[in-house]
Amino acid sequence: MTYEQDVLYMAEMWKHELNKKPSMFERAAKRAQIGIANKIPERFHLVVTEAMKKMVSAVLTGSDYTTKLKEPLPASFQEREEKVKAAIKRYQKTASLEGAGTGAGGIFLGMADFPLFLSIKMKCLFQIALLYGLDLKKYEERIYLLHIFHLAFCRDDHKNSVLQNIKEWEENPEKEIDWRSFQQEYRDYLDLAKLLQLAPGVGAVVGAVVNYRLVEHLGETAMNVYRLRLLPSEREEKI
């Protein structure tokens, strides 16, 4: 089995797991999260909403996040993925340090973490796309990135519809996102983690660990989506 066949199989398995219904435990955790969300200061929710608006605007205009590769793109898919994995690790470390620093400062620095961390994740996503050879000067490719971001942080019961949007992207490259759902679901996804990060005494540790793992999760999602899109498959259905 070649490297490409191996990682494509892994991506197909990832997609299968993505389509599974949430377990009883996951549904119970979601109900608990809804109660926790009510305890988060309204000011935090306002910070989240404003940061999301600015992030989406920056992505759509191509400002802030667009970067160039410092060296030629490797020819083989395996070499490209090695660089992708290395880039994800770098952004994980950056996000972890940022989360530890702001988490140690209590509620106000904890809220300041959100737009900073959001920027780190989007820069990571842009870098991943460039390393896979995508042209981010194209508006439709930047829309595609937002779909990937949405898939990584949407509700479990919404993943199938977001995945379907990604599948339909090639037929409609400028397919827009439900921005209200996009912002709300991302905020809900982070509520529990960010509430703990605001807590005195444990905020630094929680901020470091949570930021590290969330960048890892985003990177894994992006890699599997691009594998399914870019690698030839024997199956007719692909992303």
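If you're wondering where the values come from, they're calculated on a predicted model, not measured in any experiment.
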ask   = Side chains of M55 and K121: does their closest heavy-atom pair fall under 4.5 Å?
value = no

* Asked: So, does T221 use its side chain to make a donor-acceptor pair with the main chain of H217 at under 3.5 Å?
  -> yes

Side chain to side chain contact (heavy atoms under 4.5 Å, CB included) test vs L151 passes for just one of N224, L163, N165, namely L163

Closest heavy-atom pair, G219 versus I88, reported as atoms and distance to 0.1 Å, is CA-CD1, 3.6 Å

Hey, are the side chains of Y132 and I128 touching, using non-hydrogen atoms and a 4.5 Å cut-off? yes

query: Do Y9 and W14 sit in the same hydrophobic cluster, where Ile, Leu, Val, Met, Phe, Trp and Tyr count as joined when their side-chain heavy atoms come under 4.5 Å apart?
result: no

Heavy-atom nearest pair, L131 first then V84, reads CB-CG2, 3.7 Å

If you apply the rule side-chain contact (heavy atoms from CB on, under 4.5 Å), what do you find for T94 with K123, and how did you get there? CA-CA 11 Å; T94 300; K123 287 178 180 178; over 6 Å; no

Interatomic distance, CD@E4 vs CZ@R227, rounded to 0.5 Å, equals 10.5 Å

d(E216 CD, L214 CG) to nearest 0.5 Å is 9.5 Å

Between I120 and N211, is a side-chain contact (heavy atoms from CB on, under 4.5 Å) present by the stated rule, with each step listed?
CA-CA 10 Å; I120 291 171; N211 282 12; over 6 Å; no

| message | Using side-chain contact (heavy atoms from CB on, under 4.5 Å), reason through V59 and F149 one step at a time and then give a plain yes or no. | response | CA-CA 11 Å; V59 171; F149 190 94; over 6 Å; no

Item to check | Single-linkage hydrophobic cluster, 4.5 Å side-chain cutoff, L231 and V225 together | outcome: yes

Separation between NZ (K159) and CD (E17), nearest 0.5 Å, reads 12.0 Å

query = Any side-chain heavy atom of L69 within less than 4.5 Å of one from Q127?
reply = yes

Residues passing the salt bridge (charged side-chain N to carboxylate O under 4.0 Å, His left out) test with K83, sequence neighbours excluded, are E71

Would you say that more than 12 heavy atoms from the other residues, nucleotides or ligands in this model lie under 6.0 Å from the OH of Y3, or not? yes

- prompt: K15 and E12: salt bridge (Lys or Arg N to Asp or Glu O under 4.0 Å), yes or no, with the steps?
  reply: CA-CA 5 Å; K15 185 171 70 172; E12 292 285 359; 3.7 Å; yes

When rounded to the nearest 0.5 Å, the distance separating NE2 of H16 from CE of M13 is 6.0 Å

Self-check item: Any L134 side-chain heavy atom under 4.5 Å of R229 side chain
Solution: yes

Worksheet entry | Side chain proximity check, R142 to L60, heavy atoms < 4.5 angstrom | no

Check: Just wondering, do M122 and L125 contact through their side chains at under 4.5 Å, heavy atoms?
Finding: yes

Of all heavy-atom pairs linking E79 and P74, the shortest is CB-CB, 3.5 Å

#### Entry: 4.5 Å side-chain heavy-atom contact, K89 and Y212
yes

The reported gap from CD in Q92 to CG in L218 (rounded to nearest 0.5 angstrom) is 10.0 Å

| said: Would you say that F153 contacts V162 through its side chain, given a criterion of any heavy-atom pair below 4.5 Å between the two side chains? | reply: no

So OH of Y144 and NZ of K138: to nearest 0.5 Å the spacing works out to 13.5 Å

Step through it carefully: locate the ring centre of F77, locate the ring centre of Y226, and say whether they are under 6.0 Å apart. no

